[in-house]
Amino acid sequence: MTPEQTLTQKLNPPQKEAVLHQTGPLLILAGAGSGKTRVLTHRMAHLVAKGLAAPDEILCMTFTNKAAHEMESRIFQLLSSLDIPVHGHLWISTFHSFCVRILKQHITLLDYKPYFTIYDSSDQLSAVKKAVQSLGINDKIYPPKTFQARISSAKMNGLTPESLKKGSRGIMDPKTLEVYTAYEAALKMANALDFDDLLLKTHELFTMYPDLLLEYQKKFKFIMVDEYQDTNHIQYLLVKQLGHFHRNVCVVGDEDQSIYSWRGADIQNILDFEKDFTDAKTIKLEENYRSTNNIVQAATSVIKNNLQRKDKTLFTNNNSGDLIDIREERTEYDEARYVVKTIQNWISEGIGGYNDYAIFYRTNSQSRVLEEQLRTATIPYRIVGGVRFYDRMEIKDVICYLKLCLNPADDIAVKRIINVPTRGIGKTTVEKIDEIVDKDKITFLQAAQKAVEHRVFNAGTTSKVRRFLDLIVELKTLSQTYRLDELYPLVLEKTEYLKALKAENTTESEARIDNLEELDNAIMQFLKERGDEGTLQTFLEEMALASDADQLKQEVNSVTLMTLHISKGLEFPYVFIVGMEDGLFPSLRFESDADNDMEEERRLAYVGMTRARQRLTLSYAKTRKIWGQDQAHPPSRFLKEIPNDLVQFKTSVMNNFFDRYGSSRAAAPVSSFQTKRRAFDDSDYDVQAHPDDEIASSTPAFSKGMKVRHPTFGAGSIFDTEGSGELFKVSVLFSDNTIKKFVVKYARLERIK
């Protein structure tokens with residue numbers, strides 16, 4: 001068998017065409033699950049086998065180290081199977097790794113010393129803060145993180161301080177440009193580059209030294225770029241620079257999966273490839289090998305509503321599989337219970353293991369309710385790309401303020417928030433207070449008070465420490481007067497924590513604000529469940545227990561939770577996407593279907609749907625708490641874009657539709673979502689209501705002696721009952737001989753059979 005036959009025997013016709021393509025620019029439009037990695041690796045092996053290039057004369061760039069390592073491993077295996085030796089290091093890496101490799105050899109040409117330091121985001125922020133301070137800029141009015149985000153955005157677009165000064169006005173405001181200039185000078189002095197510099201400085205190097213660029217242009221006879229839809233402007237410029245000589249540039253991507261514009265990715269790079277290379281050949285990989293036909297058809301129906309896309313249609317020869325489940329629930333808590341109960345039921349039926357299940361959501365803050373229900377059901381889980389809710393920085397910060405309301409002797413809590421948000425109390429000040437702690441054997445706050453009284457610091461520092469001490473005293477006093485739900489917003493106001501996050505005005509700060517909003521929802525839910533026992537002390541105890549439980553659940557075999565953005569590139573047999581509501585997904589800030597941002601939201605839905613191999617469940621809640629208030633949003637418009645014959649709609653929400661329209665009571669129950677659908681297309685879903693289902697039912701019956709489990713307090717038995725209806729309460733005797741009283745409607749009690 002010839003090398004060509006070996007490399008193409010298991011490929012479909014478009015894949016084979018892409019692998020055998022030799023010279024000239026090539027655009028491979030690779031739909032979800034269409035085998036693009038196989039095509040890239042086999043194409044590279046074919047170019048080597050044909051003698052068109054040596055292994056180290058092909059540059060292949062992708063976006064994650066994992067993808068690069070996997071690609072390199074496959075290339076070695078393929079070349080080995082063809083008895084082709086590989087000498088030296090292949091040029092298969094991420095953009096940033098490639099640039100580091102170039103800069104290591106040539107950084108001195110940019111007037112840097114060898115062995116430069118690479119700053120991470122934290123180092124970068126410290127340097128920005130120093131620049132802000134050196135310029136005498138008030139960091140409370142102009143948050144350093146805002147400058148950091150603007151500088152990073154400029155670098156991703158290939159803009160240096162010099163080019164900004166020469167360019168048209170309005171691209172960057174004068175104050176940011178001033179900080180950018182000072183920041184760059186500081187990095188140069190420290191012989192350091194930040195993460196964005198790795199790309200920008202390489203581009204500058206090639207621009208300033210054409211002979212050096214020509215050397216690398218000649219070296220790389222073929223260039224292949226994976227995930228081209230995710231490239232930003234500086235990456236686009238690097239590809240054009242390096243591919244200019246041979247013009248053997250092959251890019252692989254899917255504009256329907258372009259979901260990272262918020263971090264600089266430009267979808268126009270892939271949409272305009274044929275304009276940049278007018279003689280480019282385009283090959284479409286449209287056969288999906290991952291998902292069932294129903295999932296592929298549903299996802300395709302959604303993405304076809306976008307205008308910014310190439311003309312391609314994903315299909316599969318896999319079986320039809322199950323219909324897409326669309327589930328309507330009353331609240332986000334009911335939605336989480338439904339998802340968890342469904343996983344429990346399927347596992348008990350022998351349908352896969354925990355590793356086969358994934359839950360996706362639009363924002364990180366949505367994980368809290370899901371985590372609570374998974375803990376209640378003792379289902380192991382892991383969060384990918386984020387920390388557990390109560391371990392997130394902003395949550396821990398605010399919890400520390402709440403702790404100090406009760407226990408001012410908690411030195412760890414004090415040290416965590418003494419300068420959060422920034423109030424000018426630095427490390428040296430803290431160390432001096434610590435010296436008093438060690439000398440006098442008193443608490444940190446007592447030592448701080450003593451330092452103020454004895455004027456250990458200069459007048460400015462003394463004033464800052466005194467204001468902090470006054471703040472803690474004020475919060476303690478407020479905690480003795482106000483209920484927990486009233487105290488929480490006061491803490492955010494008095495500490496100016498929320499104000500500082502809003503001032504940052506970055507994607508990261510917006511996510512943190514979302515998490516603080518979700519903590520407010522958690523407090524409201526806690527007070528409903530605990531009634532008279534809903535005190536600050538009880539809340540902090542429960543939060544501590546929740547955190548402890550989180551740390552114990554690190555099993556490998558676990559349900560996976562992640563945001564939709566992180567799900568890209570992954571796949572699972574069974575996928576749940578929660579929060580499918582207009583206002584949440586897509587987000588409220590997108591007002592028009594023709595809006596570019598709305599199209600990206602739809603691409604995000606497409607990415608999430610195409611992660612599922614066998615079953616896909618999409619769910620939404622009729623009401624969801626926003627800052628403690630119930631708000632109602634209609635089901636996501638993306639749900640309406642899925643053809644009716646591909647879905648089965650289920651609801652736990654019964655309404656008075658029949659009374660209003662005079663329909664027969666004997667008819668199948670109709671949900672509010674079905675009613676909304678009728679207004680759009682006068683068509684029906686296969687509606688299946690489950691009034692007898694435990695997850696769908698209203699308050700379950702509880703009686704004396706019944707064994708139950710509470711998500712925080714564990715197992716116990718019902719000691720007493722009182723009231724009825726929504727005010728029905730139970731007293732539970734737990735294993736530690738404590739008795740707790742709950743309003744059943746809100747208690748999250750689970751019967752133990």
Side-chain angles (χ1 to χ4, degrees), residues 95-96 99 117-190 192-204 230-238 259-269 393-394 420-422 496-514 565 587 589 596-597 600:
F95 273 90
H96 290 88
C99 290
T117 300
I118 300 174
Y119 277 2
D120 62 15
S121 180
S122 177
D123 297 327
Q124 182 187 25
L125 180 58
S126 296
V128 170
K129 285 179 178 177
K130 196 170 291 185
V132 168
Q133 185 180 11
S134 70
L135 294 169
I137 296 173
N138 189 328
D139 60 6
K140 289 184 172 57
I141 299 175
Y142 301 99
K145 282 197 173 181
T146 302
F147 290 125
Q148 181 186 25
R150 291 173 182 171
I151 291 170
S152 180
S153 178
K155 290 187 176 186
M156 284 190 290
N157 283 290
L159 300 172
T160 64
E162 292 72 26
S163 63
L164 285 165
K165 289 171 184 174
K166 295 175 183 176
S168 60
R169 295 179 180 178
I171 297 177
M172 179 177 281
D173 65 277
K175 197 170 291 292
T176 302
L177 182 54
E178 190 179 8
V179 174
Y180 188 6
T181 304
Y183 168 74
E184 285 296 283
L187 259 64
K188 190 69 175 289
M189 182 72 71
L193 304 178
D194 63 29
F195 206 59
D196 298 310
D197 275 331
L198 299 178
L199 305 180
L200 181 59
K201 296 300 182 186
T202 303
H203 173 61
E204 285 183 16
D230 293 334
T231 52
N232 59 30
H233 187 64
I234 195 67
Q235 290 163 336
Y236 163 80
L237 292 176
L238 283 168
I259 59 174
Y260 297 122
S261 67
W262 50 275
R263 67 183 190 197
D266 187 353
I267 192 174
Q268 291 303 135
N269 291 347
M393 183 180 72
E394 56 279 5
V420 178
T422 304
E496 298 189 340
Y497 198 101
L498 191 59
K499 180 181 177 181
L501 287 177
K502 288 179 178 178
E504 285 181 20
N505 194 29
T506 63
T507 304
E508 182 182 8
S509 66
E510 288 177 6
R512 289 177 176 169
I513 291 171
D514 287 344
H565 280 100
S587 169
R589 51 183 201 275
N596 291 343
D597 290 330
E600 180 152 332

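Quick note: residue numbers are just sequence positions, from 1. Here the structure is a predicted model, which is why all the values come from computation and not from measurement.
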(request) Mind checking side chain to side chain contact (heavy atoms under 4.5 Å, CB included) for T422 and listing every partner two or more places apart, or none if nothing turns up? (result) D139, N419

(message) Please evaluate residues Y119 and F195 with respect to the criterion side-chain contact (heavy atoms from CB on, under 4.5 Å), reporting the C-alpha separation (whole Å), side-chain torsions for both, the decisive distance (0.1 Å), and the verdict.
(response) CA-CA 6 Å; Y119 277 2; F195 206 59; over 6 Å; no

Counting only N and O atoms by type, is there a donor-acceptor contact under 3.5 Å from the side chain of [X] to the main-chain atoms of [Y]?
| X | Y | answer |
| --- | --- | --- |
| T176 | M172 | no |
| S152 | A149 | no |
| T117 | A192 | no |
| Y260 | H565 | yes |
| D197 | L200 | no |

(request) Determine whether K155 and R150 make a side-chain contact, defined as any pair of heavy atoms from C-beta on separated by less than 4.5 Å. (result) no

(request) State, yes or no, whether a side-chain contact exists between D266 and T231 at a heavy-atom distance under 4.5 Å. (result) no

(request) Ignoring hydrogens and angles, state whether a donor on the side chain of T146 or E504 is under 3.5 Å from an acceptor on the partner side chain. (result) no

(message) I'd like to know if the side chain of S126 pairs up with that of D123 as donor and acceptor (distance under 3.5 Å, no hydrogens or angles considered).
(response) no

(request) Using a strict cut-off of less than 4.0 Å between a Lys/Arg side-chain nitrogen and an Asp/Glu carboxylate oxygen, indicate whether K201 and E204 qualify as a salt bridge. (result) yes

(message) According to ring-ring contact (aromatic ring centres under 6.0 Å, His included), who are the partners of Y497, at least two apart in sequence or on a separate chain?
(response) none

(message) If the condition is side-chain hydrogen bond (donor to acceptor under 3.5 Å, both in side chains), which residues does E508 pass it with, not counting sequence neighbours?
(response) R512

